[in-house]
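Beneath this line is the structure, given in structure tokens, with notes to follow.
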Amino acid sequence: MNRHSIGEALAARLYAAEASVDRAVADTAALAAALPEARVDARLSAVTGHRAISGAAAAIGALAEARGHLVQTHHTLAALARKLDLPALAGGPLDKPGDTPPIGGLYPEHEVAKIVVNKTLPDASVFC
């Protein structure tokens with residue numbers, strides 16, 4: 001394997017991890033929202049289920065922190081790719097800050113398009 005194909009493989013794993021954490025945040029937030037509604041619908045005391053609500057809220061916080069770590073990893077890998085003179089690629093129709101015009105929606109969802117992302121990410125020296 002060459003560096004370019006290794007970078008592509010790592011990028012695919014990174015995007016999958018980011019999507020998984022985002023889905024977990026959304027699913028956990030939906031649970032956290034449903035818990036107090038269920039308590040009210042069941043006509044239970046406000047004390048009932050408080051630990052479950054607190055637990056779900058704490059899980060959202062932990063997932064948000066994990067997401068932040070993945071964002072930092074994303075920036076670090078992008079900086080390393082630039083340092084190694086590898087092209088920065090995005091998988092799929094993902095808009096990045098500064099994309100003019102926005103690229104989202106130009107490609108069918110079942111196709112993975114490789115698009116050179118903008119150069120607004122931090123300098124390699126900051127992360128490497």
Side-chain angles (χ1 to χ4, degrees):
M1 286 181 102
N2 62 38
R3 288 181 178 175
H4 189 275
S5 62
I6 291 169
E8 285 181 339
L10 287 175
R13 289 179 186 260
L14 174 64
Y15 299 143
E18 290 171 339
S20 294
V21 170
D22 282 348
R23 183 77 252 150
V25 170
D27 290 345
T28 306
L31 171 65
L35 290 171
E37 289 176 0
R39 183 200 59 80
V40 169
D41 290 347
R43 298 176 186 222
L44 297 171
S45 161
V47 175
T48 303
H50 179 72
R51 284 186 182 174
I53 294 169
S54 292
I60 293 169
L63 288 166
E65 186 175 345
R67 189 181 188 284
H69 289 298
L70 278 177
V71 167
Q72 182 68 32
T73 299
H74 192 128
H75 288 311
T76 301
L77 288 174
L80 181 58
R82 282 194 308 279
K83 187 175 183 177
L84 295 174
D85 202 29
L86 297 172
L89 301 174
L94 304 175
D95 288 337
K96 301 291 182 184
D99 283 348
T100 309
I103 57 173
L106 293 179
Y107 303 96
E109 283 190 30
H110 65 278
E111 280 184 29
V112 175
K114 291 179 184 163
I115 317 150
V116 177
V117 298
N118 65 45
K119 303 297 180 192
T120 61
L121 292 173
D123 251 352
S125 60
V126 175
F127 293 103
C128 299

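What you are looking at is a predicted structure, and each value in this text was computed from that prediction instead of being measured.
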List in chain and number order the residues that pass side chain to side chain contact (heavy atoms under 4.5 Å, CB included) with [X], two or more places apart in sequence or in another chain; answer none if no residue qualifies.
| X | result |
| --- | --- |
| T48 | L44, S45 |
| D85 | none |
| L10 | I6 |

Same cluster for L77 and L86 if Ile/Leu/Val/Met/Phe/Trp/Tyr side chains link at under 4.5 Å?
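In one cluster: no.
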Determine, using the 4.5 Å side-chain heavy-atom cutoff (strictly less than), whether V25 and Y15 are members of one ILVMFWY cluster.
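Looking at the clustering, Y15 is in a separate group from V25.
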Please, which pairs that meet salt bridge (charged side-chain N to carboxylate O under 4.0 Å, His left out) have at least one residue in [range], sequence neighbours excluded?
| range | result |
| --- | --- |
| residues 33-48 | none |
| residues 53-65 | none |
| residues 47-64 | none |

Enumerate, atom names and distances included, each donor-acceptor pair closer than 3.5 Å involving a side-chain atom of residues 54-64, sequence neighbours excluded.
unit_1, atom_1, unit_2, atom_2, d
S54, OG, H50, O, 3.2
S54, OG, H50, NE2, 3.2

Which Ile, Leu, Val, Met, Phe, Trp or Tyr residues join I53 in one cluster when any pair of side-chain heavy atoms under 4.5 Å counts as a link?
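Reading the cluster by chain and number, I53 sits alongside L31, L35.
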Considering all heavy atoms, the nearest R3-L84 contact:
NH1-CD2, 3.9 Å
Among all residues two or more places apart in sequence or in another chain, which pass the side-chain hydrogen bond (donor to acceptor under 3.5 Å, both in side chains) test with R67?
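side-chain hydrogen bond (donor to acceptor under 3.5 Å, both in side chains) list for R67, sorted by chain: D22.
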For R13, the side-chain hydrogen bond (donor to acceptor under 3.5 Å, both in side chains) test, sequence neighbours excluded, returns none
